[in-house]
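Whatever order the structure lists them in is the order used to number ligands and atoms, beginning at 1. Model, not experiment: these values are computed from the prediction.
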Amino acid sequence: MNEPEPRRIIFHVDMDSFYASVEVRKNPSLKGRPVVVGADPKGGRGRGVVSTCSYEARSYGIHSAMPISEAYNRCPHAVFLPPDYLLYNTVSSRIMGILHYHSQRVEQVSIDEAYLDMSHVSGFPEALEVARHIKTTVLEETGLTCSIGMAASKVVAKIASDYEKPDGLTVIIPGEEESFLAPLPVYTVPGIGRKTSEELSRHGIQTIGDLASVDVQVLIGWFGRGAVTLHHLARGIDGREVECCDSSKSISREVTFEEDTDDREGIMNVLDRMAGDLGQALKAEGYSFRTLTVKVRFQGFETRTKAVTVPRPSRNMRDAAVLARRLIGQMLDERRVRLVGIRLSGLARQDTRQTALSDFTS
Ligand code: TTP
Ligand code: MG
C-alpha cells in the first residue's frame, strides 16, 4: 500500500488549438474554416511541418508535426498561415498573468499550457468554481477557449485536460483515478510515444487499465527500470510537485522531430519558437538568464551541447534566438537531427512577481 498523500488539487490548463485560435481571433472571417498554421505549403510541394491546426482542419486528419505537403493534399482548400510568434507570445503572457492571479504556484510547461497548484482552496467544489472562473476570464480577456483538467496529481490533471477538448473541464475526484484512466488508450499517458505504445500493443496491452494490471516485474523485463514510473502513472500515482521557477535555477525546452531531419530552416524555426517560449517563461517569473545552452541530438543518438554566457543578465529573447542559431550552426553537419533543445541557466530575479504580474494584466 502507498502512504496516503497530503490532499492536493492540481489544475492542468491547456489552450485549444492555440496558434490557430489566435489567428481566428485576429481574423474572425476564418471562424468555422479549416485553418492550418505552419510552413508554406507551396501548392503541395512545400517542406516543413504543421505547427497546429483548427479543429475543423483536424477532421481531415491534419495534426501538429505532419508534413505541410501532406496537410495540403488532405485539404487543399484550408487556410494556410505562417506563424506569428510575437502575437502568440503576447497572448500567452496575458493568459499566464490570469493563471498567476489564481495561484502562487504556476508551472508553465509550454507556450499554451501550465499546471497550477490549487491546494490552498477549501476543496474540490471551490476549485471547480475557480476553474470555471479561469475559463470565463481567459475567454473574456483573450477571446480564446481553454481546457482544464483537475485532479490530485499532475498526470491525471494533464490527461483530464485533454479528455473533453476543446473548451473542456474535467474533474477527477480522488479515488476515481483508476476508473477514469482504465478505458483510455495507453498513448494518452504523457511519455508513452508511438514506439512504446506499439511495443505494448505487441504484448496485447491497449488501454491504461491493461497496463495497470500487468505485473510491474514483467514490465521491467520489457522496458527496464523506467517501467516502474510508467506503472505508477498508469494507476494515476504521481508525486511530482508543481514546480515554480524558484525551485529550479534553469529552464529548458526541447523538441524531438517526428522524423530525423536535415531541414536547416525547419530546425532554426523550431529554435526560434523555443526561444520565444522560454522568453515568456522568464518574463512570467521575472527572471533573466546568464547562460544559454543549445543541445542537438543526431540520428544515432550522439548528443552535443554548446553554451555561451552573456556578460550581463539578459531577458532579451531575440538576441537569445540569434545566439541559439549561431551555436547550433557550429554543431550541425551532414547528419540528420533527431532533437534540439535550449536551456537557460544562471537565472536571477530582476523584478518582484508583483511587478511582473501587473505587466501582463494591465
Ligand atoms: P498543443 O497544446 O500541443 O496543441 P494546440 O494548442 O494547438 O491544440 P490542442 O487543442 O490539442 O491543445 O501545442 C500548443 C502550440 O504549440 C500549438 O498551437 C502550436 C505549437 N506546436 C508546434 O508548433 N509544433 C508542435 O508539434 C506542437 C505539438 C505544438
Ligand atoms: Mg493546446
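The distance from atom CG of Leu230 to atom CG of Leu200, rounded to the nearest 0.5 Å, is 6.5 Å. Atom-to-atom distance recorded for Met317:CE and Asn89:CG is 9.5 Å, nearest 0.5 angstrom.
The Mg ion (ligand 2) is closest to atom OD1 of Asp14 (considering only N, O or S atoms). The atom of Asp112 nearest to the Mg ion (ligand 2) is OD2, with the search restricted to N, O or S atoms.
The side-chain tip of Arg74 does not point at the ring of Tyr60 from less than 6.0 angstrom away and within 45° of straight on.
At a threshold of 2.8 Å, the Mg ion (ligand 2) has no backbone or side-chain N, O or S atom of Ser147 nearer than that distance.
Ring orientation note: the planes of Tyr88 and Tyr19 are close to parallel, at an angle under 30° on the 30°/60° scale.
Within 4.0 Å of ligand 1, heavy atoms belong to protein residues Asp14, Met15, Asp16, Ser17, Phe18, Tyr19, Ser51, Thr52, Tyr55, Arg58, Ser64, Asp112, Lys165, Arg273.
Annotation: Phe11 is not in aromatic contact with Tyr115 [ring centroid separation under 6.0 Å not met].
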Please table the atom pairs, donor to acceptor, closer than 3.5 Å between any side-chain atom in residues 29-45 and protein atoms at least two apart or in another chain.
unit_1 : atom_1 : unit_2 : atom_2 : d
Ser29  : OG     : Asn27  : OD1    : 2.8
Asp40  : OD1    : Lys42  : N      : 2.9

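Between Lys154 and the options Glu107, His12, Glu243, a side-chain hydrogen bond (donor to acceptor under 3.5 Å, both in side chains) holds for only Glu107.
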